[in-house]
Amino acid sequence: MRWVVLILLFFGAVINFADKSIIGLAAVPIMKEFDLSYAEWGLVGSSYYWLYPVTGIFGAAWADQLGAKKVLGFIMLTWTVLQFGVLAIAALPLLILYRILLGAFEGPYSPVAYSHADKWFPPKLKGFANSVVVGGGTVGAMIVAPILVSLITIFGWKVAFAALGVASLVWFFLFQFLTKENPVEVYENVQKKKKEKLEKIKVKDFLVLLASPTALFTTLAYFSTYILVVWFSVWLPIYLVEAVKMTPGQMGSSVAIIGVVSVCIYMGVSMLSDYLFKKKSKLAVIKSIRCSWCNDLGCNIFFINHGFSKSNLGDSCNVFSKGPYICHITNRPNNYDK
């Protein structure tokens, strides 16, 4: 059962990040249709993230109360409705509203999916399980780019968006009928805790938790990662088409190559982390050292690329910069890292 859950969480992440990135892949036709400037396009790209972090926090808390299966099912249905709603967009304000709402309802997916995967896998496999979920994000954002570009080119960008709505609906039914909320042992512990009187969380204790090195490090790691993730999803496709003068097909293939290399890098490093945990059982130290190395490597490669920004070598550097950046997400410290 746990592998079925993991596979579906992987494909959920594929849909989640395809929803994020398809706006960039369709940038050229959308900008032409609505006669948008680059400043207006930046507004469209950023609007997705206006509520994204806020709803991510509340959605995760909601999942703790109602169960991850119900919350994931609900938000997936909202994705379906919003993606079909794209067919009615006729002006910039509606496009921005659509992006705000999509970001609001997609924000909870990653934290809820990570938490749900953690229920089903022991500590020695958590790094691999989380890397699979994160890998779905890269597949959705980059590796499926040629497919999305083909849909946009052949049928138009609105139909391509609606196709992702169909994918969300299919995922909803599969997840609801093929998975359970918890493994048996976790379910029993949850039932016991429900019978116990829950203590209210004090604001002071919560602030102490937020100020802990683990929380601060993980937050900064996500911050640095998403700077690159957002740039790739919003600006990379239009940069490749208009600045590098690639065709849409070449652009889709280039984005896919970046995704393949990224998946290979961070899944390999995550499996190495799990292996070291089995040998050393010092997961927090292993992950912290590996995360620091990956972040530094990603930063160095990305910024060295500025010296070659107008060459093929520069584009190649970008391929290798994303993998190390994203590595620290797959093995973030958790409550087992003691």
Please answer whether the main-chain N or O of [Y] pairs with a side-chain N or O of [X] as donor and acceptor at a distance below 3.5 Å.
X      : Y      : answer
Ser47  : Val44  : yes
Ser233 : Ser21  : no
Tyr109 : Ala13  : yes
Thr78  : Ile75  : yes
Lys69  : His116 : no
Ser115 : Val112 : no
Gln250 : Thr247 : yes
Ser212 : Val208 : no
Trp171 : Leu8   : yes

I'd like a table of donor-acceptor pairs (distance under 3.5 Å, sequence neighbours excluded) in which one partner is a side-chain atom from residues 160-168, with atom names and distances.
| from | atom 1 | to | atom 2 | distance (Å) |
| --- | --- | --- | --- | --- |
| Ser168 | OG | Leu164 | O | 3.1 |

Heavy-atom closest pair, residues [X] and [Y]:
X      : Y      : answer
Tyr114 : Asn130 : CD2-OD1, 3.7 Å
Phe34  : Ala91  : CE2-N, 3.6 Å
Ala211 : Leu216 : O-CD1, 3.4 Å
Pro108 : Phe105 : CD-O, 3.5 Å

### Query
Between Trp235 and Tyr239, does a ring-ring contact (aromatic ring centres under 6.0 Å, His included) hold up when you go through it step by step?
CA-CA 6 Å; Trp235 291 108; Tyr239 165 76; over 10 Å; no
### Message
Whether Glu181 and Lys119 form a salt bridge (side-chain N of Lys/Arg under 4.0 Å from carboxylate O of Asp/Glu) is what I want to check.
### Response
yes
### Query
Taking only residues two or more places apart in sequence, or in another chain, which ones meet Trp62 in a side chain to side chain contact (heavy atoms under 4.5 Å, CB included)?
Leu66, Val71, Phe74
#### Entry: Verdict with reasoning, Phe121 to Trp3, per ring-ring contact (aromatic ring centres under 6.0 Å, His included)
CA-CA 9 Å; Phe121 289 87; Trp3 296 108; 5.1 Å; yes
